[in-house]
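First the proteins, then the strands, lettered A, B, ... as listed; each starts at 1.
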Amino acid sequence: MISLTVNGQARQVDAEPEKPLLWVLREDLNVVGPKFGCGVAACGACTVHVDGAAVRSCSLPLSEAAGKSVVTIEGLGQGGQLHAVQRAWIENQVPQCGYCQPGFIMAAAALLAANAKPSDSDIDAVLSNICRCGTYSAIRRAVHRAAAILGGVP
Amino acid sequence: MKFPRRTAIIGGFLGAGLLGVGFWFARERDRLGHRRLLHLKPDEIGLNGWVKIARDSSVTVAVPRAEMGQGIQTALAMLVAEEMDARWDQVRVEEPPEHVVYRNVDILIDGLPFSPEEVGTVVEVAQWMAGKIGGVLGVNATGGSTSTRDAWLPMRTAGAVARDLLLRAASRKASIPVSDLTVVDGEVRKLDGAKVATFGELVDQVESLPVLPPPPLKKPSAFKLIGKPLPRLDVPAKVAGKATFGIDVRLPGMLYAAVRNAPTFGGEALEFTLKQGKLPKGIEKVLVVPGGIAAIGTSWWKANRFLDEGIEVTWQAGPDPKLDSATLWKRYEGLLVDGKPALTRTLGSETRPAQVQILTATYRAPYLAHATMEPMNCTARVGPDGVEVWMPNQSPTLMRLIAARIADVPQDSVAVHTTFLGGGFGRRAEVDLVRQAVTCALALRGTPVQVLWSREEDIRHDFYRPMALARWRADIDSAGGAPKLAGVSKRQVGQSPTDQFPARVLGLPAQGQPEGNAVENPPYAFPFYRLEAIVADGSVPVGFWRSVGHSHTAFFDESFVDEVAAALKKDPFEFRRELLANKPRHLKVLETAAKEAGWGAPLPAGSGRGIALRASFGSIVAQVAEVAVPDGKTLQVKRVTCAIDCGPVVNPAIVRAQMESGIVYGLSAALYGEITLADGAVEQGNFTDYDAVRLADAPAMSVHLVDSGASFVGGVGEPGTPPIAPAVANAIFAATGKRLRDLPLRLV
C-alpha cells in the first residue's frame, strides 16, 4: 500500500510502485480529470500538481508521489469556488474540444503561483503543452486575465 | 445492372443516403420528429423531436452531432432557442436516440463530387446503391463542415413549432387570444410586456395540444441570439474537469483493453504465445481482434505493458510489407508522367501563343496523421438484449451498423452513446475501434470493455491524409508587350479517401474516382484551365483529415498562383484581384484579409507576407501570413490575418475560434507534419517525432468576418485550414526569394 494525498484526501493505493501516477489516478482512484495524451511527458494533458509543482503525471511513478500532496483539476478550486485560472478560462471561452485543457489549467495555475505577472515569453516557456484545436491565443489572454484576477482586479 | 463508371463517387454509400434521406426530407417539417422521440423525465414534455421543456422552465435541445471542439452543441441549440425566443441560460443540450430525422442530409449532398449538369447520373447511382445496400439510408454523421447548414432550417423550424405550441398553451391557460401574446426571454407575455406564463407553467396545458404546421421563420433582421457571441454550453464542464470524454467512461465491472495493431497495413495477428505460459495477475484475456491483438485486464497501463513484454505474436503481413516512402514517391512520379487520369476537366479555350514561356512547378504533400489529443478508444458491452457502445465518434449510424455486424445482432438492438470527442478532425468517422471493442466485449459477455490505444498505435494506425503530388504548368504569352497568362494546367496524383472509405467500411467496390475536394476548380478566371486527376491505388489507409483534399490542393494551387504572379512581375494580391473580378464574394474576402494585414506596408529585411485564398465547404477564406526568417534558416510565423465569408453567422465567437483552430492545425502540418513509411510501417510514433505547434510558435491571429449577404450557410470547422500552408510558403518566398514546394516547409 502506498499513501498519498489527492485533492486534500488521504488515499491508500494498492498498485505497483512503478505505475505512473496518471494511471493510479484514473484507474485506482477514479480521478479522470487528468488526461492521457502521449505517455511520454510530451504533451502535458496529464499535468497535475505534486506538492505545488506542475508535473506530467504519465511519467511520474507512484513511488515518487508517495507521501506527497497531489492536486488535480477536480481539486484546483477551493471552497466550492473555481480557481482564478478556471474563471479566466470561462471568461475567455478557451476550450474547444477541451481534452487538453485540464493540463493547461494546472500548468497555468502553477506558473502563476510562482510568477504573479508572467510575460508572454514566460508563458510560452512554461506552457509547452499541446492543444490540437489551437486555443493558444485564448490561452495567452486567459493567463494574463487570471494573473489580473489573482492580483485583485475583479 | 452494369455499374456505371462515373457513378462511383463517394461511394455510392453516400449516394444511397442522398436518395434515401434527401428525398424523404423534401420539407423541413418532415424532420420535426414526434413529441415522444426524446427520452422524457416525469417533469418534462416533448414539443417535437428536437426540443422538450421541463417544469423548471429549462429548454432541452436535441443535438445529434458530435461535439469535438467546433462548438456545435452551442450553435445548434442557438437555432432552436432563437425561433423559440428562449433565454440562453435556460437552454441545455442532450444527445437524441438514433432516428432518421437526426441524420445529416447535407453531408451526403456535399460529398458528391458531381457538377450540377450530372444530376441524372447521381440519381442513377443513388438508385443502384439504394437497392444494393438497402438498410443504410443516410447517416447521422458529423463532418464536411455541414452540421449548421444541415440544421439551419430544420432546427429553426423545430423552435418555431415549439414557440407556437407554447403560445397556444398560454392562450388556453390565461384565456387570452394568441394574437395578443408573444414570447420574450423564455416566457410568454402579453404584447404590452406583462408576464403570462413561464415555459414551466405550461407543461400541463401543452400536452394535449396538437402540433400545427410550422409558422414562418424569423427574418434575419429579427434575430436576437443568432449572430451574437453567446457563451458556449460545454465550457463550464470542460474547465471544471467534469466533461466526459470516451476515455473517461466508467461502468460497473468494466475492464480495460490495450491493443497492438499489425505492424504493416492490412496485416492481422495470426496467433500468440504467452511468454510465461499463463496470464499474469490483472490480465483476464488476450485475443485476436480485427487488425491486431488485445490484452484485457483491470488496468490499461498493465495490459499495455503486457503486450510489450508478455507475449509473442505471429503476424500476417499486409499486402505491401516492404513499402517505403521513397518507392511510393517514385511510383507517384511515374503516374504524374503517364498515369491515366480518372478525371479530366477543362475550362476556357486553349490558345497557342506564337511565343510562349512555359513555367512548371512540382509540389509534394506527405501523409499526415490526425493526432487528436484524445487517443482512439471505444467502450462496449454485449448483454443478453444487445450491444451498448460508448464512444467519441463522428457517426453513430456507422458505429451501430458495424457493432451489429460484429455481434451478429439486429441494428435496433445496438445503442451508441456519443461522448465528448477529444478532437475528431475526421479520424473518428472510422470504424476500426468499434470493431475491436465489440470483439473484446463478445469474448467477455456482460462485461464492459474499454479499448484504448497508446499514442504510438494512434499515429501508426491512422487513416492518413493522402500523400499527393502535383505538377502545374502555366503558358505565358511573351510575344511583345507585357507577358500575359495564356492558360494553366495541372496533373495531380493521390489516393482517394472517398473511394477507400466505403470500400473498407461497407465492402463496396472502389471505383477509382478522385476525392471531390481535391479536384475543385480554383475560383480564378484563367483564360484556360485543364485538370487531370490521377488516382493512385495503394494499401496505405487514407481518410478524412480536416478539410480533406482542400488541404494539400490549396497548397499546390495557391503556391502556383504566386509563382505565376512572380513570373508576370505582378504583386500576388493584385494578380489574384484581377482574376477574381467576376467573383465579388471571393474578391471581398481577399481584399479584407489584405487590408487588415497591411498588405504592402514595409517590413524589416528578412520578413515577408504571403497571401492565399481557398473556398471550401461553402465558405471563402483568405489568409495573410507574415513570417520572419532572421538568419535565412529559422522560420517564425509572426502573425496571420484571416478573413472569412461563411454566409449567415450563428455565433461569431465560435467562427473566430474555428478560424484560429484551422490555422493552428494547418500550421502544425505545414511546419512539422510528415508521416513516412519504411518496411510497410509508419516511422513516427508520438509527439516527439510528429510534433504540433505549441504556444511558443503560435502566431498572433486576427479574424475578420465578411458579410456579403449570402444566404447559403457555409461551414467553419474546416475552411480555416487550407489557406495557411500556401500563405506561409508564399510569405517565405517574399521574405527570402526561396520557393518551397514540398510540405512540410523546410528552409534547410
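- In this structure, the portions of A:I123 lying under 4.5 Å from any heavy atom of chain B include both its backbone and its side chain.
- When B:M373, B:R546, B:R232 are compared by the number of non-hydrogen pairs under 4.5 Å with chain A, B:M373 comes out ahead.
- Of the possible polar contacts, one joining the B:W88 side chain to the B:P231 backbone as a donor-acceptor pair under 3.5 Å is found.
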Kindly indicate, with the supporting measurements, whether the criterion salt bridge (charged side-chain N to carboxylate O under 4.0 Å, His left out) is fulfilled by B:R639 and B:E626. CA-CA 5 Å; B:R639 58 183 52 81; B:E626 186 187 317; 3.1 Å; yes

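- Annotation: maximal heavy-atom pairing with chain A below 4.5 Å, among B:Q658, B:E374, B:M68, B:E456, occurs at B:E374.
- Of the residues considered (B:Q70, B:H370, B:R250, B:E67), B:R250 shows the highest number of contacts with chain A, using heavy-atom pairs under 4.5 Å.
- Comparing A:V85, A:V32, A:V94 by how many heavy-atom pairs each has under 4.5 Å with chain B, the most go to A:V32.
- The aromatic ring centroids of A:W23 and A:F36 lie less than 6.0 Å from each other.
- In terms of non-hydrogen atom pairs under 4.5 Å with chain A, the most contact-rich of B:K242, B:R305, B:K238, B:E660 is B:K238.
- Ranked by heavy-atom pairs under 4.5 Å with chain B, the list A:N30, A:I73, A:D124, A:I105 is led by A:D124.
- In this structure, chain A has heavy atoms under 4.5 Å from both the backbone and the side chain of B:A657.
- Chosen from B:R694, B:M701, B:K302, the residue pairing most often with chain A at heavy-atom distances under 4.5 Å is B:R694.
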A:L25 vs A:V6, test: side chain to side chain contact (heavy atoms under 4.5 Å, CB included). Steps then yes/no. CA-CA 9 Å; A:L25 291 167; A:V6 176; 3.9 Å; yes

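- Counting only N and O atoms by type, the side chains of B:E718 and B:S547 include no donor and acceptor under 3.5 Å apart.
- When heavy atoms are compared at a cutoff of 4.5 Å, A:K35 approaches chain B solely by way of its side chain, counted from C-beta outward.
- At a cut-off of 3.5 Å, with distance as the only test, a side-chain donor of B:S299 or A:E27 sits close to an acceptor on the other residue.
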Worked check of side chain to side chain contact (heavy atoms under 4.5 Å, CB included) between B:V703 and B:V655: CA-CA 9 Å; B:V703 178; B:V655 176; 5.5 Å; no

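- Contacts with chain B were tallied for A:Q101, A:R87, A:Q93; A:Q93 has the most, counting heavy-atom pairs under 4.5 Å.
- Distance CG/B:D234 to CZ/B:F420: 5.0 Å, rounded to 0.5 Å.
- Most heavy-atom pairs under 4.5 Å with chain B, from the set A:C97, A:S128, A:P34: that is A:C97.
- Going from atom CE of B:M376 over to atom CG of B:D458 covers 5.0 Å, rounded to the nearest 0.5 Å.
- Of the residues considered (A:R26, A:E16, A:H83, A:R140), A:R26 shows the highest number of contacts with chain B, using heavy-atom pairs under 4.5 Å.
- Between the side chains of B:T418 and B:N393, at least one donor-acceptor pair of N or O atoms lies under 3.5 Å.
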Set out, in order, the CA-CA distance, both residues' side-chain angles and the distance that settles salt bridge (charged side-chain N to carboxylate O under 4.0 Å, His left out) for A:D28 and A:R11, then state yes or no. CA-CA 10 Å; A:D28 298 86; A:R11 306 295 294 259; over 6 Å; no

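- Ranked by heavy-atom pairs under 4.5 Å with chain A, the first of B:S668, B:A371, B:P699, B:P236 is B:A371.
- Test B:Y665, B:Y464, B:F425 against B:W545 for ring pair (Phe, Tyr, Trp, His ring centres under 6.0 Å) and you get one pass: B:Y665.
- Only the backbone of B:L421 comes within contact range of chain A, with heavy atoms under 4.5 Å apart.
- Top candidate by heavy-atom pairs under 4.5 Å with chain B, chosen from A:A42, A:C38, A:S121, A:P102, is A:C38.
- Residues B:Q394 and B:T142 bring no donor and acceptor atom of their side chains to less than 3.5 Å of each other.
- Using a 4.5 Å cut-off between heavy atoms, A:N129 touches chain B through its backbone atoms (N, CA, C, O) alone.
- Contact annotation for B:L452: only side-chain heavy atoms (C-beta onward) come within less than 4.5 Å of a heavy atom of chain A.
- Looking at A:E18, both its backbone and its side chain come within 4.5 Å of chain B, counting heavy atoms on both sides.
- Contacts between B:D248 and chain A at a heavy-atom distance below 4.5 Å involve backbone atoms as well as side-chain atoms.
- A:I90 touches chain B through backbone and side chain together, each having a heavy atom under 4.5 Å away.
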